[in-house]
Protein chains: 2
Amino acid sequence: MSSTSSCLVTKLSHYVSLSQADCARLATLEKAERTFDAGHEVYQGGDENKDLYVVKHGWAFSYTDLPDGRRQIVKIHHPGDIIGFPDVALKHVTTTLRTVEDVCLCPFPKSSLDEILRESPKLSALLLSIALRDQVVLIDLLRAMGRMSAQERVSYMLLDLISRLRITNPGMTDTIRLPMTQSQIADYLGLTNVYISKTFIRMEEDGYIHRDQNRLQILREDAMIELTDFHDRYADMDTSWFPHD
Amino acid sequence: MSSTSSCLVTKLSHYVSLSQADCARLATLEKAERTFDAGHEVYQGGDENKDLYVVKHGWAFSYTDLPDGRRQIVKIHHPGDIIGFPDVALKHVTTTLRTVEDVCLCPFPKSSLDEILRESPKLSALLLSIALRDQVVLIDLLRAMGRMSAQERVSYMLLDLISRLRITNPGMTDTIRLPMTQSQIADYLGLTNVYISKTFIRMEEDGYIHRDQNRLQILREDAMIELTDFHDRYADMDTSWFPHD
DNA sequence: CGTAGTGTTGAGATCGATCAAGCGCTGTGG
DNA sequence: CCACAGCGCTTGATCGATCTCAACACTACG
(Lines give C-alpha, C1' and ligand atoms only; values in the text may rest on other atoms or scores of the structure.)
Protein backbone atom coordinates (compact mmCIF):
# COMPACT_ATOMS: atom_id res chain seq x y z
CA MET A 1 0.00 0.00 0.00
CA SER A 2 2.68 2.48 -0.96
CA SER A 3 1.44 6.01 -1.16
CA THR A 4 3.83 6.97 -3.95
CA SER A 5 2.99 4.55 -6.77
CA SER A 6 -0.43 3.51 -7.93
CA CYS A 7 -2.16 0.59 -6.19
CA LEU A 8 -3.83 -0.25 -9.47
CA VAL A 9 -0.54 -0.53 -11.32
CA THR A 10 0.87 -2.62 -8.48
CA LYS A 11 -2.08 -4.97 -8.62
CA LEU A 12 -2.18 -5.32 -12.39
CA SER A 13 1.54 -5.66 -12.98
CA HIS A 14 1.40 -8.65 -10.67
CA TYR A 15 0.00 -10.47 -13.69
CA VAL A 16 1.82 -9.07 -16.74
CA SER A 17 4.63 -6.62 -17.34
CA LEU A 18 3.15 -3.37 -18.54
CA SER A 19 4.68 -0.97 -21.04
CA GLN A 20 5.38 2.63 -20.07
CA ALA A 21 2.49 3.71 -22.23
CA ASP A 22 0.10 1.32 -20.52
CA CYS A 23 1.25 2.42 -17.07
CA ALA A 24 0.64 5.98 -18.12
CA ARG A 25 -2.85 5.10 -19.32
CA LEU A 26 -3.63 3.53 -15.96
CA ALA A 27 -2.15 6.44 -14.07
CA THR A 28 -4.58 8.85 -15.72
CA LEU A 29 -7.41 6.86 -14.13
CA GLU A 30 -6.11 7.88 -10.73
CA LYS A 31 -5.64 11.58 -11.39
CA ALA A 32 -8.69 12.74 -9.46
CA GLU A 33 -9.08 11.97 -5.77
CA ARG A 34 -11.95 12.15 -3.30
CA THR A 35 -12.02 11.20 0.36
CA PHE A 36 -15.02 9.94 2.30
CA ASP A 37 -15.72 9.43 6.00
CA ALA A 38 -16.40 6.02 7.49
CA GLY A 39 -19.96 4.77 6.93
CA HIS A 40 -20.62 7.09 4.00
CA GLU A 41 -22.74 6.09 0.98
CA VAL A 42 -20.89 7.14 -2.15
CA TYR A 43 -23.63 6.22 -4.62
CA GLN A 44 -26.88 4.34 -4.49
CA GLY A 45 -28.38 1.54 -6.54
CA GLY A 46 -30.42 2.93 -9.43
CA ASP A 47 -28.25 6.04 -9.85
CA GLU A 48 -27.14 6.87 -13.34
CA ASN A 49 -23.94 5.08 -14.18
CA LYS A 50 -21.31 7.80 -14.50
CA ASP A 51 -18.00 6.98 -12.90
CA LEU A 52 -15.88 4.06 -11.86
CA TYR A 53 -13.55 4.32 -8.88
CA VAL A 54 -10.10 3.03 -8.07
CA VAL A 55 -9.59 2.50 -4.33
CA LYS A 56 -6.53 4.33 -3.06
CA HIS A 57 -6.88 3.39 0.59
CA GLY A 58 -9.45 2.11 3.02
CA TRP A 59 -12.12 -0.59 2.74
CA ALA A 60 -15.59 -0.25 1.23
CA PHE A 61 -18.33 -2.61 0.12
CA SER A 62 -21.15 -2.85 -2.41
CA TYR A 63 -24.56 -4.13 -1.37
CA THR A 64 -28.18 -4.50 -2.44
CA ASP A 65 -31.28 -4.52 -0.27
CA LEU A 66 -34.51 -6.37 -0.81
CA PRO A 67 -37.63 -4.20 -0.51
CA ASP A 68 -38.27 -5.49 3.03
CA GLY A 69 -34.79 -4.57 4.20
CA ARG A 70 -32.88 -7.83 3.95
CA ARG A 71 -29.38 -6.89 2.85
CA GLN A 72 -26.77 -8.72 0.81
CA ILE A 73 -23.22 -7.40 0.59
CA VAL A 74 -21.88 -8.61 -2.74
CA LYS A 75 -18.31 -7.35 -2.84
CA ILE A 76 -15.72 -6.07 -0.41
CA HIS A 77 -13.36 -3.52 -1.95
CA HIS A 78 -9.69 -3.11 -1.03
CA PRO A 79 -6.97 -0.71 -2.20
CA GLY A 80 -6.18 -1.24 -5.88
CA ASP A 81 -9.65 -2.57 -6.71
CA ILE A 82 -11.79 -1.07 -9.43
CA ILE A 83 -15.26 -0.36 -8.06
CA GLY A 84 -18.32 -0.49 -10.24
CA PHE A 85 -16.81 -2.48 -13.07
CA PRO A 86 -19.73 -4.93 -13.46
CA ASP A 87 -22.19 -2.08 -13.83
CA VAL A 88 -20.40 -0.79 -16.91
CA ALA A 89 -22.58 -3.11 -18.96
CA LEU A 90 -25.75 -1.42 -17.72
CA LYS A 91 -27.23 2.06 -17.76
CA HIS A 92 -27.85 2.23 -14.02
CA VAL A 93 -25.76 0.95 -11.14
CA THR A 94 -27.13 -2.12 -9.42
CA THR A 95 -25.56 -1.76 -5.98
CA THR A 96 -24.98 0.84 -3.30
CA LEU A 97 -21.40 1.68 -2.35
CA ARG A 98 -20.66 2.24 1.34
CA THR A 99 -17.36 2.92 3.05
CA VAL A 100 -16.26 0.76 5.98
CA GLU A 101 -13.76 3.31 7.26
CA ASP A 102 -12.21 6.54 6.01
CA VAL A 103 -11.50 5.99 2.35
CA CYS A 104 -9.81 7.66 -0.60
CA LEU A 105 -11.26 6.94 -4.06
CA CYS A 106 -10.20 7.98 -7.56
CA PRO A 107 -13.23 8.47 -9.82
CA PHE A 108 -12.84 8.17 -13.57
CA PRO A 109 -15.44 8.17 -16.36
CA LYS A 110 -16.64 5.00 -18.03
CA SER A 111 -15.52 6.42 -21.36
CA SER A 112 -11.88 6.01 -20.33
CA LEU A 113 -12.36 2.33 -21.06
CA ASP A 114 -13.15 3.14 -24.66
CA GLU A 115 -9.68 4.60 -25.11
CA ILE A 116 -8.04 1.54 -23.55
CA LEU A 117 -9.97 -0.83 -25.81
CA ARG A 118 -8.99 1.10 -28.90
CA GLU A 119 -5.35 1.66 -28.11
CA SER A 120 -4.10 -1.23 -26.01
CA PRO A 121 -5.08 -4.81 -26.86
CA LYS A 122 -2.91 -6.02 -24.02
CA LEU A 123 -4.64 -3.88 -21.39
CA SER A 124 -7.97 -4.88 -22.93
CA ALA A 125 -7.08 -8.52 -22.49
CA LEU A 126 -6.03 -7.82 -18.91
CA LEU A 127 -9.26 -5.99 -18.09
CA LEU A 128 -11.26 -8.80 -19.66
CA SER A 129 -9.28 -11.34 -17.66
CA ILE A 130 -9.91 -9.47 -14.44
CA ALA A 131 -13.62 -9.40 -15.20
CA LEU A 132 -13.60 -13.13 -15.93
CA ARG A 133 -11.50 -13.94 -12.88
CA ASP A 134 -13.97 -11.97 -10.77
CA GLN A 135 -16.70 -14.17 -12.20
CA VAL A 136 -14.84 -17.23 -10.96
CA VAL A 137 -14.52 -15.61 -7.55
CA LEU A 138 -18.25 -14.93 -7.48
CA ILE A 139 -18.88 -18.54 -8.44
CA ASP A 140 -16.71 -19.67 -5.52
CA LEU A 141 -18.71 -17.43 -3.21
CA LEU A 142 -21.94 -18.76 -4.66
CA ARG A 143 -20.81 -22.28 -3.85
CA ALA A 144 -20.06 -21.23 -0.31
CA MET A 145 -23.47 -19.62 0.08
CA GLY A 146 -25.36 -22.48 -1.49
CA ARG A 147 -23.69 -25.43 0.12
CA MET A 148 -21.57 -24.48 3.13
CA SER A 149 -22.32 -24.26 6.87
CA ALA A 150 -21.77 -21.07 8.82
CA GLN A 151 -18.31 -22.05 10.01
CA GLU A 152 -17.27 -23.05 6.50
CA ARG A 153 -18.51 -19.75 5.11
CA VAL A 154 -16.61 -17.73 7.67
CA SER A 155 -13.49 -19.76 6.92
CA TYR A 156 -13.96 -19.21 3.22
CA MET A 157 -14.32 -15.48 3.70
CA LEU A 158 -11.15 -15.22 5.76
CA LEU A 159 -9.13 -17.26 3.27
CA ASP A 160 -10.42 -15.15 0.41
CA LEU A 161 -9.60 -11.90 2.19
CA ILE A 162 -6.08 -12.92 3.08
CA SER A 163 -5.39 -14.18 -0.46
CA ARG A 164 -6.46 -10.85 -1.90
CA LEU A 165 -4.47 -8.81 0.56
CA ARG A 166 -1.34 -10.85 -0.11
CA ILE A 167 -1.28 -9.69 -3.75
CA THR A 168 -0.60 -6.09 -2.83
CA ASN A 169 1.12 -6.79 0.54
CA PRO A 170 3.60 -9.58 -0.12
CA GLY A 171 4.86 -9.20 3.44
CA MET A 172 1.56 -10.34 4.93
CA THR A 173 1.63 -13.39 7.12
CA ASP A 174 -1.35 -14.82 8.95
CA THR A 175 -2.89 -11.77 10.59
CA ILE A 176 -5.38 -9.40 9.01
CA ARG A 177 -7.10 -6.25 10.10
CA LEU A 178 -10.85 -6.78 9.88
CA PRO A 179 -12.55 -3.38 10.09
CA MET A 180 -16.03 -4.70 9.25
CA THR A 181 -18.65 -5.19 11.96
CA GLN A 182 -20.17 -8.60 12.56
CA SER A 183 -23.45 -7.36 11.10
CA GLN A 184 -21.65 -6.52 7.87
CA ILE A 185 -19.95 -9.90 7.80
CA ALA A 186 -23.36 -11.48 8.30
CA ASP A 187 -24.78 -9.51 5.38
CA TYR A 188 -21.89 -10.72 3.26
CA LEU A 189 -22.28 -14.40 4.16
CA GLY A 190 -26.08 -14.59 4.25
CA LEU A 191 -26.25 -15.10 8.03
CA THR A 192 -27.17 -12.99 11.08
CA ASN A 193 -24.93 -10.94 13.32
CA VAL A 194 -25.86 -13.17 16.26
CA TYR A 195 -24.77 -16.30 14.51
CA ILE A 196 -21.55 -14.70 13.26
CA SER A 197 -20.72 -13.92 16.87
CA LYS A 198 -21.38 -17.49 17.96
CA THR A 199 -19.43 -18.89 15.04
CA PHE A 200 -16.38 -16.71 15.73
CA ILE A 201 -16.41 -17.75 19.37
CA ARG A 202 -16.68 -21.39 18.39
CA MET A 203 -13.83 -21.09 15.91
CA GLU A 204 -11.67 -19.40 18.51
CA GLU A 205 -12.39 -22.16 21.04
CA ASP A 206 -11.54 -24.76 18.42
CA GLY A 207 -8.22 -23.08 17.71
CA TYR A 208 -8.86 -22.00 14.14
CA ILE A 209 -8.46 -18.29 14.77
CA HIS A 210 -7.42 -15.77 17.40
CA ARG A 211 -9.03 -12.36 17.78
CA ASP A 212 -7.61 -9.20 19.30
CA GLN A 213 -9.40 -5.89 18.82
CA ASN A 214 -10.14 -5.76 15.10
CA ARG A 215 -7.14 -7.87 14.21
CA LEU A 216 -7.69 -11.51 13.39
CA GLN A 217 -5.02 -14.20 13.24
CA ILE A 218 -5.53 -17.36 11.22
CA LEU A 219 -4.03 -20.20 13.23
CA ARG A 220 -4.92 -23.25 11.17
CA GLU A 221 -4.93 -22.04 7.59
CA ASP A 222 -4.33 -25.52 6.16
CA ALA A 223 -7.25 -26.99 8.04
CA MET A 224 -9.48 -24.17 6.82
CA ILE A 225 -8.32 -24.66 3.22
CA GLU A 226 -9.18 -28.33 3.48
CA LEU A 227 -12.51 -27.60 5.15
CA THR A 228 -13.65 -25.29 2.37
CA ASP A 229 -11.77 -26.86 -0.56
CA PHE A 230 -10.34 -23.39 -1.11
CA HIS A 231 -8.54 -22.33 -4.30
CA ASP A 232 -6.61 -19.11 -4.58
CA ARG A 233 -7.88 -17.34 -7.70
CA TYR A 234 -5.67 -14.29 -7.27
CA ALA A 235 -2.10 -15.55 -7.26
CA ASP A 236 -2.05 -16.82 -10.85
CA MET A 237 -3.85 -15.95 -14.02
CA ASP A 238 -3.33 -17.41 -17.47
CA THR A 239 -1.88 -14.59 -19.52
CA SER A 240 -0.28 -16.84 -22.12
CA TRP A 241 -2.92 -16.07 -24.75
CA PHE A 242 -2.60 -12.28 -24.41
CA PRO A 243 -1.81 -10.26 -27.52
CA HIS A 244 1.73 -8.87 -27.60
CA ASP A 245 2.41 -5.18 -27.91
CA MET B 1 -33.11 -21.14 -32.35
CA SER B 2 -32.95 -21.04 -36.11
CA SER B 3 -30.85 -23.80 -37.55
CA THR B 4 -29.62 -21.72 -40.45
CA SER B 5 -27.99 -18.69 -38.83
CA SER B 6 -25.75 -18.69 -35.79
CA CYS B 7 -27.33 -18.52 -32.33
CA LEU B 8 -24.34 -16.56 -31.17
CA VAL B 9 -24.77 -13.89 -33.80
CA THR B 10 -28.48 -13.73 -33.03
CA LYS B 11 -27.79 -13.27 -29.35
CA LEU B 12 -25.03 -10.69 -29.76
CA SER B 13 -26.67 -8.61 -32.47
CA HIS B 14 -29.52 -8.12 -30.04
CA TYR B 15 -27.24 -5.57 -28.40
CA VAL B 16 -25.33 -3.84 -31.24
CA SER B 17 -25.37 -4.01 -34.98
CA LEU B 18 -22.40 -5.99 -36.17
CA SER B 19 -20.36 -5.41 -39.32
CA GLN B 20 -20.00 -8.15 -41.90
CA ALA B 21 -16.44 -8.68 -40.82
CA ASP B 22 -17.45 -9.11 -37.18
CA CYS B 23 -20.21 -11.54 -38.09
CA ALA B 24 -17.68 -13.51 -40.08
CA ARG B 25 -15.29 -13.56 -37.12
CA LEU B 26 -18.04 -14.94 -34.90
CA ALA B 27 -19.09 -17.48 -37.51
CA THR B 28 -15.61 -19.02 -37.49
CA LEU B 29 -16.12 -19.82 -33.80
CA GLU B 30 -18.97 -22.12 -34.80
CA LYS B 31 -17.24 -23.98 -37.59
CA ALA B 32 -16.64 -27.18 -35.66
CA GLU B 33 -19.54 -29.14 -34.17
CA ARG B 34 -19.84 -31.95 -31.66
CA THR B 35 -22.93 -33.66 -30.32
CA PHE B 36 -23.33 -35.24 -26.89
CA ASP B 37 -25.96 -37.49 -25.35
CA ALA B 38 -28.08 -36.43 -22.41
CA GLY B 39 -26.33 -36.65 -19.05
CA HIS B 40 -22.83 -36.62 -20.54
CA GLU B 41 -19.86 -34.90 -18.90
CA VAL B 42 -18.03 -32.90 -21.53
CA TYR B 43 -15.10 -31.85 -19.37
CA GLN B 44 -14.25 -31.96 -15.69
CA GLY B 45 -13.06 -29.39 -13.20
CA GLY B 46 -9.27 -29.33 -13.08
CA ASP B 47 -8.81 -30.26 -16.75
CA GLU B 48 -6.43 -28.18 -18.78
CA ASN B 49 -8.18 -25.18 -20.22
CA LYS B 50 -8.22 -25.73 -23.96
CA ASP B 51 -11.48 -24.89 -25.63
CA LEU B 52 -14.54 -22.74 -25.22
CA TYR B 53 -17.90 -23.84 -26.58
CA VAL B 54 -20.83 -22.13 -28.22
CA VAL B 55 -24.13 -23.91 -27.57
CA LYS B 56 -25.95 -24.73 -30.81
CA HIS B 57 -28.91 -26.52 -29.24
CA GLY B 58 -29.90 -28.23 -26.02
CA TRP B 59 -29.38 -27.32 -22.37
CA ALA B 60 -26.30 -27.98 -20.26
CA PHE B 61 -24.96 -26.79 -16.91
CA SER B 62 -21.68 -26.19 -15.11
CA TYR B 63 -21.20 -27.33 -11.53
CA THR B 64 -18.65 -27.88 -8.78
CA ASP B 65 -18.67 -30.45 -6.02
CA LEU B 66 -17.32 -30.18 -2.51
CA PRO B 67 -15.07 -33.06 -1.48
CA ASP B 68 -17.91 -34.68 0.50
CA GLY B 69 -20.23 -34.63 -2.50
CA ARG B 70 -22.34 -31.54 -1.94
CA ARG B 71 -22.96 -30.07 -5.38
CA GLN B 72 -23.51 -26.54 -6.59
CA ILE B 73 -24.66 -25.86 -10.13
CA VAL B 74 -23.36 -22.44 -11.00
CA LYS B 75 -24.63 -21.77 -14.50
CA ILE B 76 -27.31 -23.12 -16.81
CA HIS B 77 -26.36 -22.90 -20.48
CA HIS B 78 -28.79 -22.29 -23.32
CA PRO B 79 -28.39 -22.08 -27.10
CA GLY B 80 -26.23 -19.10 -28.07
CA ASP B 81 -24.32 -19.07 -24.78
CA ILE B 82 -20.56 -19.21 -24.61
CA ILE B 83 -19.51 -21.95 -22.18
CA GLY B 84 -16.30 -21.71 -20.21
CA PHE B 85 -15.76 -18.00 -20.62
CA PRO B 86 -14.93 -17.29 -16.94
CA ASP B 87 -12.22 -19.94 -16.96
CA VAL B 88 -10.33 -18.14 -19.71
CA ALA B 89 -8.58 -16.19 -16.98
CA LEU B 90 -7.17 -19.35 -15.41
CA LYS B 91 -4.99 -22.23 -16.50
CA HIS B 92 -7.41 -24.95 -15.46
CA VAL B 93 -11.18 -25.08 -15.67
CA THR B 94 -12.99 -24.66 -12.37
CA THR B 95 -16.26 -26.42 -13.14
CA THR B 96 -17.55 -29.61 -14.72
CA LEU B 97 -19.80 -29.34 -17.75
CA ARG B 98 -22.73 -31.72 -17.98
CA THR B 99 -25.48 -31.94 -20.57
CA VAL B 100 -29.11 -31.90 -19.48
CA GLU B 101 -30.37 -33.42 -22.73
CA ASP B 102 -28.95 -34.17 -26.18
CA VAL B 103 -26.78 -31.22 -27.04
CA CYS B 104 -24.76 -29.81 -29.93
CA LEU B 105 -21.71 -27.73 -29.04
CA CYS B 106 -19.19 -25.80 -31.15
CA PRO B 107 -15.72 -25.90 -29.60
CA PHE B 108 -13.20 -23.20 -30.42
CA PRO B 109 -9.76 -22.49 -28.99
CA LYS B 110 -9.13 -19.79 -26.40
CA SER B 111 -6.62 -18.21 -28.77
CA SER B 112 -9.45 -17.13 -31.07
CA LEU B 113 -10.13 -14.42 -28.52
CA ASP B 114 -6.68 -13.00 -29.11
CA GLU B 115 -7.58 -12.30 -32.73
CA ILE B 116 -10.81 -10.59 -31.75
CA LEU B 117 -9.08 -8.37 -29.23
CA ARG B 118 -6.46 -7.32 -31.75
CA GLU B 119 -8.74 -6.72 -34.70
CA SER B 120 -12.13 -5.61 -33.44
CA PRO B 121 -12.41 -3.08 -30.61
CA LYS B 122 -16.17 -3.20 -30.97
CA LEU B 123 -16.39 -6.97 -30.50
CA SER B 124 -13.90 -6.66 -27.65
CA ALA B 125 -16.15 -4.17 -25.95
CA LEU B 126 -19.10 -6.46 -26.50
CA LEU B 127 -17.32 -9.48 -25.05
CA LEU B 128 -16.21 -7.42 -22.08
CA SER B 129 -19.76 -6.19 -21.60
CA ILE B 130 -21.12 -9.72 -21.70
CA ALA B 131 -18.59 -10.77 -19.08
CA LEU B 132 -19.54 -7.82 -16.88
CA ARG B 133 -23.26 -8.35 -17.39
CA ASP B 134 -22.77 -11.98 -16.36
CA GLN B 135 -21.14 -10.70 -13.18
CA VAL B 136 -24.27 -8.69 -12.43
CA VAL B 137 -26.36 -11.79 -13.05
CA LEU B 138 -24.19 -13.78 -10.65
CA ILE B 139 -24.59 -11.02 -8.08
CA ASP B 140 -28.37 -11.24 -8.46
CA LEU B 141 -28.18 -14.99 -7.93
CA LEU B 142 -25.93 -14.47 -4.92
CA ARG B 143 -28.51 -12.18 -3.41
CA ALA B 144 -31.17 -14.82 -3.98
CA MET B 145 -29.04 -17.50 -2.33
CA GLY B 146 -28.01 -15.35 0.59
CA ARG B 147 -31.30 -13.74 1.51
CA MET B 148 -34.27 -15.43 -0.11
CA SER B 149 -36.60 -18.22 1.01
CA ALA B 150 -37.08 -21.36 -1.07
CA GLN B 151 -40.19 -20.07 -2.81
CA GLU B 152 -38.50 -16.79 -3.64
CA ARG B 153 -35.48 -18.59 -5.03
CA VAL B 154 -37.59 -20.80 -7.27
CA SER B 155 -39.47 -17.73 -8.48
CA TYR B 156 -36.22 -15.94 -9.16
CA MET B 157 -34.90 -18.88 -11.17
CA LEU B 158 -38.00 -19.09 -13.32
CA LEU B 159 -37.99 -15.36 -14.03
CA ASP B 160 -34.32 -15.47 -14.92
CA LEU B 161 -34.78 -18.42 -17.26
CA ILE B 162 -37.71 -16.89 -19.09
CA SER B 163 -35.91 -13.57 -19.49
CA ARG B 164 -32.93 -15.29 -21.06
CA LEU B 165 -35.00 -17.41 -23.38
CA ARG B 166 -36.95 -14.39 -24.57
CA ILE B 167 -33.78 -12.85 -26.04
CA THR B 168 -33.40 -15.55 -28.64
CA ASN B 169 -37.09 -16.51 -28.88
CA PRO B 170 -39.01 -13.24 -29.09
CA GLY B 171 -42.21 -15.22 -29.61
CA MET B 172 -42.05 -16.72 -26.13
CA THR B 173 -44.96 -16.05 -23.84
CA ASP B 174 -45.36 -17.45 -20.35
CA THR B 175 -44.59 -21.14 -20.80
CA ILE B 176 -41.15 -22.72 -20.72
CA ARG B 177 -39.81 -26.17 -21.21
CA LEU B 178 -37.90 -27.19 -18.08
CA PRO B 179 -35.81 -30.26 -18.88
CA MET B 180 -33.87 -30.22 -15.58
CA THR B 181 -34.72 -32.65 -12.78
CA GLN B 182 -35.75 -31.37 -9.37
CA SER B 183 -32.43 -32.57 -7.97
CA GLN B 184 -30.61 -30.38 -10.46
CA ILE B 185 -32.82 -27.41 -9.64
CA ALA B 186 -32.04 -28.04 -5.98
CA ASP B 187 -28.31 -28.07 -6.70
CA TYR B 188 -28.71 -24.78 -8.53
CA LEU B 189 -30.66 -23.06 -5.75
CA GLY B 190 -28.80 -24.49 -2.75
CA LEU B 191 -31.77 -26.58 -1.57
CA THR B 192 -32.72 -30.29 -1.63
CA ASN B 193 -34.77 -32.20 -4.17
CA VAL B 194 -37.38 -32.93 -1.50
CA TYR B 195 -37.89 -29.31 -0.69
CA ILE B 196 -38.01 -28.31 -4.37
CA SER B 197 -40.85 -30.79 -4.80
CA LYS B 198 -42.74 -29.35 -1.86
CA THR B 199 -42.12 -25.79 -3.00
CA PHE B 200 -43.36 -26.47 -6.53
CA ILE B 201 -46.51 -28.08 -5.17
CA ARG B 202 -47.07 -25.15 -2.86
CA MET B 203 -46.58 -22.64 -5.68
CA GLU B 204 -48.99 -24.55 -7.86
CA GLU B 205 -51.62 -24.60 -5.10
CA ASP B 206 -51.14 -20.88 -4.61
CA GLY B 207 -51.67 -20.23 -8.29
CA TYR B 208 -48.21 -18.95 -9.19
CA ILE B 209 -47.43 -21.66 -11.70
CA HIS B 210 -48.94 -24.57 -13.57
CA ARG B 211 -47.02 -27.73 -14.42
CA ASP B 212 -47.65 -30.22 -17.19
CA GLN B 213 -45.02 -32.85 -18.03
CA ASN B 214 -41.78 -30.88 -18.25
CA ARG B 215 -43.51 -27.71 -19.34
CA LEU B 216 -44.07 -24.98 -16.81
CA GLN B 217 -46.43 -22.04 -17.16
CA ILE B 218 -45.92 -18.88 -15.17
CA LEU B 219 -49.34 -17.65 -14.12
CA ARG B 220 -48.54 -14.67 -11.93
CA GLU B 221 -45.36 -13.21 -13.36
CA ASP B 222 -45.99 -9.75 -11.90
CA ALA B 223 -46.45 -11.13 -8.40
CA MET B 224 -43.24 -13.11 -8.74
CA ILE B 225 -41.33 -10.07 -10.00
CA GLU B 226 -42.55 -8.13 -6.99
CA LEU B 227 -41.77 -10.99 -4.61
CA THR B 228 -38.15 -11.23 -5.74
CA ASP B 229 -37.55 -7.60 -6.72
CA PHE B 230 -36.51 -8.99 -10.09
CA HIS B 231 -34.62 -6.98 -12.69
CA ASP B 232 -34.14 -8.16 -16.25
CA ARG B 233 -30.41 -7.89 -17.00
CA TYR B 234 -30.67 -9.32 -20.50
CA ALA B 235 -33.04 -7.06 -22.40
CA ASP B 236 -30.87 -3.94 -22.31
CA MET B 237 -27.20 -3.22 -22.09
CA ASP B 238 -25.44 0.11 -22.23
CA THR B 239 -23.52 0.09 -25.48
CA SER B 240 -23.29 3.87 -25.76
CA TRP B 241 -19.63 3.95 -24.74
CA PHE B 242 -18.55 1.36 -27.31
CA PRO B 243 -15.78 2.26 -29.77
CA HIS B 244 -17.00 2.80 -33.33
CA ASP B 245 -15.64 0.80 -36.23
C1' DC C 1 -40.85 -57.83 -16.02
C1' DG C 2 -37.04 -56.31 -13.29
C1' DT C 3 -34.38 -52.09 -12.67
C1' DA C 4 -33.19 -47.40 -12.39
C1' DG C 5 -34.45 -42.75 -12.27
C1' DT C 6 -37.74 -39.23 -10.87
C1' DG C 7 -41.19 -37.18 -8.06
C1' DT C 8 -44.14 -37.33 -3.80
C1' DT C 9 -45.23 -37.88 1.05
C1' DG C 10 -44.56 -37.98 6.08
C1' DA C 11 -42.02 -38.07 10.59
C1' DG C 12 -38.43 -36.37 13.02
C1' DA C 13 -34.04 -33.74 13.52
C1' DT C 14 -31.13 -29.60 13.13
C1' DC C 15 -28.97 -25.42 11.93
C1' DG C 16 -29.50 -20.96 12.05
C1' DA C 17 -33.13 -17.17 12.95
C1' DT C 18 -35.57 -14.34 16.15
C1' DC C 19 -36.21 -11.96 20.26
C1' DA C 20 -34.64 -9.92 24.30
C1' DA C 21 -31.48 -8.66 27.74
C1' DG C 22 -27.02 -7.25 29.31
C1' DC C 23 -22.20 -5.69 28.98
C1' DG C 24 -18.35 -2.81 27.67
C1' DC C 25 -16.70 0.55 24.99
C1' DT C 26 -16.52 5.57 23.15
C1' DG C 27 -17.89 10.05 22.42
C1' DT C 28 -20.53 13.99 24.03
C1' DG C 29 -22.48 17.42 26.79
C1' DG C 30 -23.44 19.28 31.27
C1' DC D 1 -15.43 14.40 36.10
C1' DC D 2 -19.68 12.20 35.58
C1' DA D 3 -24.13 10.87 33.18
C1' DC D 4 -25.86 9.16 29.40
C1' DA D 5 -26.70 7.54 24.72
C1' DG D 6 -25.33 4.73 21.02
C1' DC D 7 -23.10 1.08 19.01
C1' DG D 8 -21.08 -3.42 18.69
C1' DC D 9 -20.64 -7.81 20.74
C1' DT D 10 -22.29 -11.59 23.66
C1' DT D 11 -25.56 -14.77 25.81
C1' DG D 12 -29.69 -17.60 26.46
C1' DA D 13 -34.41 -19.21 25.33
C1' DT D 14 -37.34 -20.41 21.89
C1' DC D 15 -38.89 -20.87 17.12
C1' DG D 16 -39.11 -22.34 12.45
C1' DA D 17 -37.52 -23.25 7.63
C1' DT D 18 -35.26 -26.59 5.60
C1' DC D 19 -32.84 -31.11 5.87
C1' DT D 20 -32.59 -36.11 6.50
C1' DC D 21 -34.24 -40.48 6.12
C1' DA D 22 -37.38 -43.71 4.49
C1' DA D 23 -41.12 -45.49 1.97
C1' DC D 24 -43.86 -45.53 -2.10
C1' DA D 25 -45.79 -44.50 -6.90
C1' DC D 26 -44.93 -43.80 -11.64
C1' DT D 27 -42.51 -43.96 -15.96
C1' DA D 28 -39.17 -45.49 -19.25
C1' DC D 29 -36.46 -48.94 -20.93
C1' DG D 30 -33.85 -53.00 -22.01
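In what follows, every chain begins at residue 1, and chains take the letters A, B, ... in the order their sequences are listed. Heavy-atom basis, side chains included; hydrogens, waters and symmetry copies ignored.
Of the residues in residues 185-200 of chain A, A:V194, A:S197, A:K198 come within less than 4.0 Å of DNA chain D through at least one heavy atom, sorted by number.
Taking atom CD on A:E152 and atom C1' on C:dC15, their separation rounds to 12 Å, with Å as the unit. Whole-Å rounding puts the A:Q213 CD to C:dG24 P distance at 15 Å. We find that CD1 of B:I201 is positioned 17 Å from P of C:dT6, with the value rounded to whole Å. Distance, B:D212 CG to C:dG7 C1': 15 Å, rounded to whole Å. In this structure, CZ of B:R202 is placed 16 Å from C1' of C:dT9, rounded to the nearest angstrom. At whole-Å resolution of the value, CD in A:E204 and C1' in D:dT11 are 16 Å apart.
Summary of helix geometry: the two end axes of the helix from C:dC1-D:dG30 to C:dG30-D:dC1, each defined by five base pairs via their C1' atoms, are inclined to each other by 30° (rounded to 10°).
Donor-acceptor pairing under 3.5 Å is lacking for the side chains of B:Q151 and B:T199. One side chain, B:E152 or B:S149, offers a donor N or O that lies under 3.5 Å from an acceptor on the other. A side-chain N or O of A:E30 and one of A:S6 form a donor-acceptor pair less than 3.5 Å apart. For the 3.5 Å distance criterion, the side chains of A:Y234 and A:D160 qualify, holding a donor opposite an acceptor.
To the nearest 0.5 Å, the span separating CZ on B:F200 from NZ on B:K198 amounts to 15.0 Å.
Contact annotation for A:R211: backbone-only contact, meaning every heavy-atom pair under 4.0 Å involves sugar-phosphate atoms and none involves a base.
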Item checked: Protein-to-nucleotide contact annotation, 5' to 3' order, nucleotides 23-30 of chain D [B base; S sugar-phosphate only; - none; under 4.0 Å, heavy atom] -> --------
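Side-chain rings of B:H78 and B:W59 approach one another, their centers coming within less than 6.0 Å.
Taking a cutoff of 4.0 Å between a charged side-chain nitrogen and a carboxylate oxygen, A:R220 and A:D206 do not qualify as a salt bridge.
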Notebook entry, point to check: Could you walk me through whether A:R70 and A:D65 pass the salt bridge (charged side-chain N to carboxylate O under 4.0 Å, His left out) check?
Noted result: CA-CA 6 Å; A:R70 284 175 284 181; A:D65 284 347; over 6 Å; no
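Comparing atom distances between the A:Q182 side chain and each of D:dC9, C:dG16, D:dT18 picks out D:dC9 as nearest.
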